[in-house]
Novice: 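Have a look at this one before I ask anything.
Chain letters run A, B, ... following the sequence lines, proteins first, then strands; residues in each count from 1. All figures in this text were calculated on a predicted structure; none of them were measured in a lab.
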Amino acid sequence: EQGPSLEQLDQRIKILERQLENQKEEADAKAKDAATVAAGSNGFSIKSAKGDYEFKFRGLLQADGRFFLSDGPAASVRSNDGFLLRRVEPTFELTLGKQLFFRIQPNFAPDSATVSDVYGELRLDPAAVIRAGKFKVPVVLENLQASGATAFNERGFPNELGPNRDYGVQLGGALFGGTTSYALGIFNGASDGRDGAQQAKTAGDNRKEFAGRVFSEPFKNEPGLLQGLGFGVGGTYGTRERGTVGISDLAYRTPGQNTFFSYVSSGSVFTQSHGYEYRVSPQAYYYRNSFGLVAEYIENAQQVITNTGSKADTLHHKAYQGVANYFLTGEDASYGGLTKPKNPLGKDGYGAFELVARYGVLDIDDKTFPTFASATASASKASTWAAGLNWYPVNNLKIDLAYSLTRFDGGAAGTPSTVVVDRQDEKLVYSRFQIWF
Amino acid sequence: EQGPSLEQLDQRIKILERQLENQKEEADAKAKDAATVAAGSNGFSIKSAKGDYEFKFRGLLQADGRFFLSDGPAASVRSNDGFLLRRVEPTFELTLGKQLFFRIQPNFAPDSATVSDVYGELRLDPAAVIRAGKFKVPVVLENLQASGATAFNERGFPNELGPNRDYGVQLGGALFGGTTSYALGIFNGASDGRDGAQQAKTAGDNRKEFAGRVFSEPFKNEPGLLQGLGFGVGGTYGTRERGTVGISDLAYRTPGQNTFFSYVSSGSVFTQSHGYEYRVSPQAYYYRNSFGLVAEYIENAQQVITNTGSKADTLHHKAYQGVANYFLTGEDASYGGLTKPKNPLGKDGYGAFELVARYGVLDIDDKTFPTFASATASASKASTWAAGLNWYPVNNLKIDLAYSLTRFDGGAAGTPSTVVVDRQDEKLVYSRFQIWF
Amino acid sequence: EQGPSLEQLDQRIKILERQLENQKEEADAKAKDAATVAAGSNGFSIKSAKGDYEFKFRGLLQADGRFFLSDGPAASVRSNDGFLLRRVEPTFELTLGKQLFFRIQPNFAPDSATVSDVYGELRLDPAAVIRAGKFKVPVVLENLQASGATAFNERGFPNELGPNRDYGVQLGGALFGGTTSYALGIFNGASDGRDGAQQAKTAGDNRKEFAGRVFSEPFKNEPGLLQGLGFGVGGTYGTRERGTVGISDLAYRTPGQNTFFSYVSSGSVFTQSHGYEYRVSPQAYYYRNSFGLVAEYIENAQQVITNTGSKADTLHHKAYQGVANYFLTGEDASYGGLTKPKNPLGKDGYGAFELVARYGVLDIDDKTFPTFASATASASKASTWAAGLNWYPVNNLKIDLAYSLTRFDGGAAGTPSTVVVDRQDEKLVYSRFQIWF
């Protein structure tokens, strides 16, 4: 009679059942409301419970070494060896509700801080995304590839004839079940191979540049030989007032970042831009298993005139390149690059190894010489062969080493100094320590 | 006899009760110690369990377009159209214990990175907060409003005669139940409309500037017609050695960011600052339901002298403005700005719409001409009318469009070039894509 | 007969037992996978469940005031009083798996943004860490101390003769149970007291600088009188092409950041660097309870030549200093600095108080004058006495005030102007508001 009765036990069990139920409901409610965090090889994030607000932190470090096997005689040629920070980009990606996205990517390299990408996106629909700010102009294929993902440390010649980042507004999106992407924008107008400038304090410079690109991977969702094939075309069209845009900004560089072509921009007779500039760039890539290939061509037409107005012409410069990569260790090649080796450095593995190769040409319009550019100072053609080995010892790290040989047609003075000779070959060994997440 | 006994069941229930109790206690203890995160339209944060340590990330993007309907002839006039980044401000707000606060607000726009706000606060008491670093000098009402919250893209004329941010130390706080705020500080001394400079390498420049402001909302806590009324006065007083501070930094700008007034700063006879400068700015705002009004006046007195010492004077420049805003869609107007529309773009809504209007005048002291400034180069008066429409389609996004017309008295040369005529009107259309959280 | 049966109760208890078990397992599984966050006086972090990925945010603010009691006559002497931001360093420390570490430390002070530290580390072993990027060259003891932890606002004279940060690659680690650390690196070569430059566009400048340091705390793990003793030696060796490196970058500064020595760098006969430069710096510290002492010496040998080649020499400059600190309030002194006072400002405490004192000398090689430097412009010797009081009112905050007196041998012109007299003493009061976490 002193032990518990059945009824008492029943009562206590009921209480326990209710408590357990409450506890479960509370935990579920909490989990539904609580923001969550993540930390891993894809970056670090804080996310609202519903997932519609997200803070994401990413980063890129490129610490390079450059060693020239061919020391040039002229101070205008960068032939000294040295270490440098190529890119230091802590990046904030912010999702603010279901339709708003905000990307802030400062760059603290080489010696001062500025912004690489800074833009907002109003995502009305997957097929209609409005983007405003500073971002890559949609033209050149290798330019649009993330700088952490390119096969070599520096991009190839087509990049020199296309625009880089610019200030403007763009409408873009994905069509046909995501197999095709398009972008159409209006920008301030970027000089070849360079970033555009902000609204400048220059009377009369009201020019704008229109840019567009369409790219398709028609077999993206069909496993097979052609699944990794993508192709498209990008281009720009812009006009400019005569003399308003510095022709001195138009200069083309080697893989060692030496300028080998520029217009005559001083003296009694010099070159001015005027009229229009357009660019057209057909492009393709192909990825299958461990193999990848990027191939692209660009034609750049620009109207120039001498300051005296005595001579004017439309010059057609051209560039093309092929870049191939192959993973010796079996990883899948992709346009997006690699961050995780199959067998990281440790007990059993040595990381991933990738072979890369490039051939590229930049051909200046023959009509450029001698009126608009000096044949003894600017080469009329440059061609590059390069090969390298990329090592990914652990997640998020790439250490690479490459050799590049660039040959020129003209661009240097012989004896007497009016005789045009070929500029000295650029022989460059470059290396990189890259962290990317 | 093979089934469980009452005593056995009682025992098992006791164990369950104990386990449930333990589990609850553990969960509570964990929750008490665990730092938490939040993600939403107010930003992203990591907070200690007690709430005394907090990391908060906020951001501001202002991607602008400027289009001038009146192209000026002179290269000194910014009349070209273009896109630009006006502000790119990722912001870290750090609470470190109950008394310490630290704000880091870099600005990556327009073309290089610097800091907007960087300061620490030792919060001894709500009425006694010591602030040190670089921050806004407490004077001009619209200047102190967050740049994401102002009615128009650019602030008005009173801002041109007041200081912007400066380096120094300030004591401030809230009094009378939070209805009144005050601030008193000592700074390096900022040029009109500009940021102050860091300690400069200039012999003899030991000047300091004192600044103070008091602002009251006496009916803040009493619902009614006057609840949204605030008024106050700010001012500065500083002295400077003759010639030590560049008179060339004193220049006043239009809404299109064109300079319409500056002193003679070169040639055989030019202007130098010396003696004192003071500023006084009475100010008020009024908010009721969807309507808001900011009204302010500033008088700026500065002593100038010619380099030869032959002429000296104290010049009194004045500016005032009224800025009104009204939400067509019923949102509450406030000094703090809007981040959430009532009915965001989607099934039922089109976001919030706000009408804004401004009238402002900047009047240069007549004694300035012709000794200290050139009447054919600098206008003696500028007045602006502006109206605009701001659209808040979703949380944290504002897209705006405004028109501004600025007229001048003098400031240009006629025929012959010694005749003073009115500078050409500035007709400006400006637009902004703003993300703010 | 209508009440529950024993079997029914048994069944319900079994269900409860199973549910409780499941709930516990689920919670454990969740905790094992969930990333966690932390917020406190050591900073803010997001960490993966296993702890191998971590995002850590730290910060440093140094808002200084400098007041000279001795206003110099020359514009080249910084004798004006003023406020400034000395360092603004939001810092991201990223651990990416067990072997990869990435540090991004921008500096937004004084007037523009650049990077202090940016480097990646591949941690093969505690004794073998490869570091690449931009970071402090391992030489001078006080230079390697965190800038938030030094006793005075500015580092002493040995720092002027050593390198600061540079671009390069280093192998380092801990040996002998962590009692000894070593570092060996190759760098671009930093000018004395300055950061190194990125790969420059200068023909022929292929020089590199090798740096190394070993430091030991042999009694680190043995409590007693000698536990806090550490000593070691650092040094560099580099060569340079004649004339390729600007001799104008070699200039030595006072605690008030005024240059008191520089080479003749213009005119018909001026000084060029050539040949080699080496530095050797024996160093030690000692910490016991509230007392700390840093003592260091550096000899810097550099080869110089006149531009005409008529005179050449190897100059040996020397510097040494002792810096002592003592906590009046009983906190432990350490090389790592203090962030938490024992009794913070509040009911019972007034924070921590620390006394600091320094004596230092920089002695220029007598052979320098008059060929390579002007005796009436550059002092041949500078010696500094300084004393100060540091207050740590609450966690993460330091407010300090110090006085420094620097005397010179030579360095100024008398009457006539060819007579060498002693440069005017520098009497400096400096103060700092520092937030550090």
Side-chain angles (χ1 to χ4, degrees), chain A residues 3-6 8-9 12-13 15-16 19-20 23 27 34-37 46-49 53-55 92 94 96-100 102 104 106 108 112-115 118-120 122 124 130 132-134 166-169 186-188 196-208 244, chain B residues 5-7 9-10 13 16-17 20 23-24 27 36-41 43-46 57 59 61 63-68 71-85 88 90 106 108-113 257-258 344-346 393-397 399 433-435 437:
Chain A
S5 71
L6 264 180
Q8 285 173 323
L9 290 186
R12 282 164 62 195
I13 290 174
I15 290 170
L16 279 174
Q19 283 180 337
L20 209 61
Q23 214 182 52
T36 57
V37 290
I46 303 175
K47 207 174 190 166
S48 66
Y53 282 84
E54 189 182 16
F55 162 95
F92 304 94
L94 308 154
L96 300 156
K98 285 169 188 158
Q99 299 182 290
L100 196 58
F102 181 9
I104 312 175
F108 288 92
S112 65
T114 178
V115 282
V118 175
Y119 59 78
L122 181 58
L124 299 170
I130 297 167
K134 182 187 180 189
D166 205 351
Y167 301 87
V169 182
I186 176 168
F187 301 90
N188 284 349
Q198 300 235 27
Q199 179 211 20
K201 197 177 176 177
T202 309
D205 182 10
N206 289 320
R207 74 176 178 121
K208 288 284 151 291
T244 54
Chain B
S5 72
L6 265 178
E7 283 69 27
L9 290 187
D10 176 46
I13 290 174
L16 279 174
E17 285 168 341
L20 208 60
Q23 212 182 54
K24 201 171 147 55
T36 58
V37 290
S41 62
F44 302 87
S45 65
I46 302 175
F57 182 79
L61 166 69
D64 288 15
R66 289 184 190 148
F67 307 94
F68 289 84
D71 273 16
S76 63
V77 177
R78 190 194 302 265
S79 58
N80 58 314
D81 306 343
F83 299 104
L84 70 154
L85 293 175
V88 177
F108 288 93
D111 272 321
S112 64
Q257 304 299 292
N258 283 306
L345 191 63
V394 294
N395 286 1
N396 305 112
L397 177 64
I399 296 173
F433 181 98
Q434 171 179 296
I435 297 179
F437 67 89

Novice: Do P90(B) and I104(A) have side chains that approach each other closer than 4.5 Å (heavy atoms only, starting at C-beta)?
Specialist: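 Side chain of P90(B) against side chain of I104(A), heavy atoms only: contact under 4.5 Å found.
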
Novice: Measure distances from F187(A) to the heavy atoms of chain B and classify the residue's part below 4.5 Å as side chain, backbone, both or neither.
Specialist: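 For F187(A), backbone heavy atoms alone lie under 4.5 Å from chain B.
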
Novice: Rounded at 0.5 Å granularity, tell me how far OH in Y53(A) sits from CG in N396(B).
Specialist: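 Reported value, rounded in 0.5 Å steps: 5.0 Å.
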
Novice: So, are K208(A) and D81(B) salt-bridged, with charged N and O less than 4.0 Å apart?
Specialist: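 No.
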
Novice: Please state whether the side chain, the backbone, both or neither of L124(A) comes within less than 4.5 Å of a heavy atom of chain B.
Specialist: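 Looking at L124(A), just its side chain touches chain B.
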
Novice: Does any backbone or side-chain atom of V394(B) lie under 4.5 Å from a heavy atom of chain A? Answer side chain, backbone, both or neither.
Specialist: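 Contact with chain A: side chain only.
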
Novice: If we check side chain to side chain contact (heavy atoms under 4.5 Å, CB included) with L16(B), which of these qualifies: L16(A), I13(A), L20(A)?
Specialist: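 Considering L16(A), I13(A), L20(A), a side chain to side chain contact (heavy atoms under 4.5 Å, CB included) with L16(B) is found only for L16(A).
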
Novice: How many angstroms lie between CZ in R12(A) and CD in E17(B), if you round to the nearest 0.5 Å?
Specialist: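 Answer rounded to 0.5 Å: 4.5 Å.
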
Novice: Let me know if T36(B) has heavy atoms under 4.5 Å from chain A in its side chain, its backbone, both or neither.
Specialist: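 Neither part, no heavy atoms under 4.5 Å.
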
Novice: Please classify the contact between K134(A) and chain B as side chain, backbone, both or neither, with a heavy-atom cut-off of under 4.5 Å.
Specialist: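 When you check distances to chain B, atoms from both the backbone and side chain of K134(A) fall under 4.5 Å.
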
Novice: Could you give the distance from CD1 (I399(B)) to CG (L122(A)), rounded to the nearest 0.5 Å?
Specialist: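 Output value for this atom pair is 6.0 Å.
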
Novice: Is there a side-chain contact between L84(B) and Y167(A), using heavy atoms and a 4.5 Å cut-off?
Specialist: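 Sidechains of Y167(A) and L84(B): no contact.
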
Novice: I'd like to know whether the aromatic ring centres of F55(A) and F57(B) sit less than 6.0 Å apart in this structure.
Specialist: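 Yes, the ring of F55(A) comes within the 6.0 Å limit of the ring of F57(B), centre to centre.
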
